[in-house]
Every structure is written in structure tokens, then in C-alpha cells.
Amino acid sequence: MNATNIYVPGSGDFCKAIHACDAKRVGNHIFISGQVGVKWGQTMEDFEVLPTYEEQVRQTWLNIKNVLEAAGGAPKDIVQIEQFIVHSEAPDIPFADKVMKIFEIKRELLPDAIPTGSAMGVTHLALPGLMLEIQVEAVVSA
């Protein structure tokens, strides 16, 4: 079965530079690389890590939607999400509240997405200032 690499403007340049892709479509399955709270410009160097947790969550879901649509999918096709949430014992937002915020904003921006999923607390992500990353798997109806 053929696999198609999916690249979107901005993040696609970053992915190509590290020899990866935004998503891979294999038949009717779409595997989306971890998306983060970054506003991408037109090049790999042109991006902004958003300053607050809520802004990053919102942008992460918008980035997921953008990559999903570029791969020929729709929010209703999302079947699995894995959430990586930067968390420490410092008195910031409680971990459970961070998870609930992710689902609250998903429900607002992608109401047809009803996935299974996992949430993991981590100490760091790939870029300084990132607070969460979400990886997605989708299955497009034949």
C-alpha cells in the first residue's frame, strides 16, 4: 500500500528540514505528527510560540485541523489522540485542569471529533516555551 507524506506551509518546511512530515496517509489512515501551540509563517524560521496555555491549546487544535484537512480528512475522522502536557509540581494550572482545557477547546473548534485518547505529563517538549503537544490518528471513511 502506498504512503503519502503530507506537508503544510511553514511547519512542512520544518518537517522537511528534520526529514519528517506533518502527516502520513496510508490508505484511509492518517497519522498526524505531534502538533503544538505555534503559529507558523511561510518558512521554517517564521513561527511564533504562543505565550499562554489556552492560546497554545487553541492553536494546536487549529494546526491539527489544518494538517488533517491537507491529508483529506475531517474532524469526525479523528479516532485517537495522545496528549503530552508539560507539567511540574509548581503551583501553576493543575494537571487535570490542563487536560480538561484541551477537551473544552477541542469541543469548541472540532465538535465532530470524538476520539479515544491518553494524556501524559512530561517535563519538556522540542522547543522552549511549548506547553503541550497532541498527536492524532484518523481514519477516513471509504
Side-chain angles (χ1 to χ4, degrees), residues 3-142:
T4 303
N5 297 332
I6 308 298
Y7 301 96
V8 297
S11 63
D13 293 336
F14 179 81
C15 287
K16 287 177 186 176
I18 63 170
H19 206 255
C21 55
D22 289 299
K24 186 170 286 277
R25 182 159 178 167
V26 182
N28 64 341
H29 284 75
I30 301 169
F31 302 92
I32 298 177
S33 292
Q35 298 296 304
V36 295
V38 168
K39 282 190 177 181
W40 293 100
Q42 293 302 309
T43 67
M44 155 172 105
E45 295 85 15
D46 183 21
F47 69 89
E48 172 191 4
V49 176
L50 296 175
T52 69
Y53 184 75
E54 185 166 339
E55 288 174 299
Q56 285 195 24
V57 171
R58 185 170 298 283
Q59 189 63 47
T60 298
W61 283 118
L62 292 172
N63 291 344
I64 289 168
K65 185 177 181 200
N66 186 34
V67 173
L68 182 63
E69 289 173 352
K76 68 176 179 52
D77 301 321
I78 296 173
V79 296
Q80 174 76 27
I81 63 173
E82 292 182 356
Q83 305 164 85
F84 304 92
I85 303 163
V86 174
H87 185 69
S88 69
E89 295 305 317
D92 63 346
I93 305 168
F95 188 77
D97 291 349
K98 290 178 179 181
V99 174
M100 295 311 294
K101 182 57 72 176
I102 290 171
F103 282 101
E104 174 188 317
I105 293 174
K106 180 201 65 67
R107 190 170 40 252
E108 174 192 333
L109 298 176
L110 291 89
D112 295 333
I114 305 174
T116 63
S118 299
M120 291 150 273
V122 299
T123 56
H124 298 90
L125 292 169
L127 297 173
L130 290 178
M131 298 176 211
L132 76 148
E133 182 170 340
I134 302 175
Q135 187 174 353
V136 173
E137 184 177 342
V139 179
V140 179
S141 302

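For reference, positions follow the sequence shown, starting with 1. Basis for what follows: all heavy atoms, side chains included, without hydrogens, waters or symmetry-related copies.
Looking at N28, its side chain does come within 3.5 Å of a backbone N or O of V140 through a donor-acceptor pair. With hydrogens and angles disregarded, a donor-acceptor distance shorter than 3.5 Å links the side chain of T60 to the backbone of G37. Judged purely by atom type and a 3.5 angstrom limit, D22 has no side-chain atom pairing as donor or acceptor with the backbone of V67. Side-chain atoms of K106 do not come within 3.5 Å of backbone N or O of V57 as any donor-acceptor pair.
Note that the CG atom of N66 and the CD1 atom of I6 stand 11.5 Å from one another [nearest 0.5 Å]. For the atom pair CG (D112) and CD1 (I114), the distance works out to 7.5 Å, reported to the nearest 0.5 Å. F84 contributes atom CZ, which lies 11.0 Å from atom CD1 of I81 (distance to the nearest 0.5 angstrom). Rounding to the nearest 0.5 Å gives a distance of 8.5 Å between CG of N5 and NE2 of H19. To the nearest 0.5 Å, the span separating CD on Q56 from CD on E133 amounts to 11.0 Å. Taken from CZ in F95 to CG in D97, the straight-line distance is 11.0 Å, to the nearest 0.5 Å.
Minimum interatomic distance between G72 and I30 (heavy atoms only, all atoms of both residues): C-CD1, 4.4 Å. The shortest heavy-atom contact between I78 and P115 is CG2-CB, 3.7 Å. Pairing each heavy atom of V36 with each of L132, the nearest pair is CG1-O, 3.6 Å. Across all their heavy atoms, C15 and C21 have their closest contact at SG-C, 3.6 Å.
For the pair V38 and L130, the minimum side-chain heavy-atom distance is below 4.5 Å. Using a 4.5 Å cut-off on side-chain heavy atoms (C-beta onward), L109 and R58 make contact. Side-chain contact between Q35 and I134 is absent, with no heavy atoms from C-beta onward closer than 4.5 Å. At a threshold of 4.5 Å between non-hydrogen side-chain atoms, the residues V139 and D77 do not count as touching. The shortest distance between side-chain heavy atoms of I102 and I85 falls below 4.5 Å. By the 4.5 Å heavy-atom criterion applied to side chains, W40 and F14 are counted as neighbours.
Using modelled atom types and a 3.5 Å distance limit, the side chains of T116 and Q80 yield a donor-acceptor pair.
Remark: K16 is positioned above the aromatic ring of Y7, its terminal NZ or CZ atom under 6.0 angstrom from the ring centre and at most 45 degrees off the axis.
Screening E55, E108, E54 against K101 for a salt bridge (charged side-chain N to carboxylate O under 4.0 Å, His left out) leaves a single residue, E54.
Annotation for K65: atom NZ does not count as buried by contact number, only 12 or fewer foreign heavy atoms lying within 6.0 Å.
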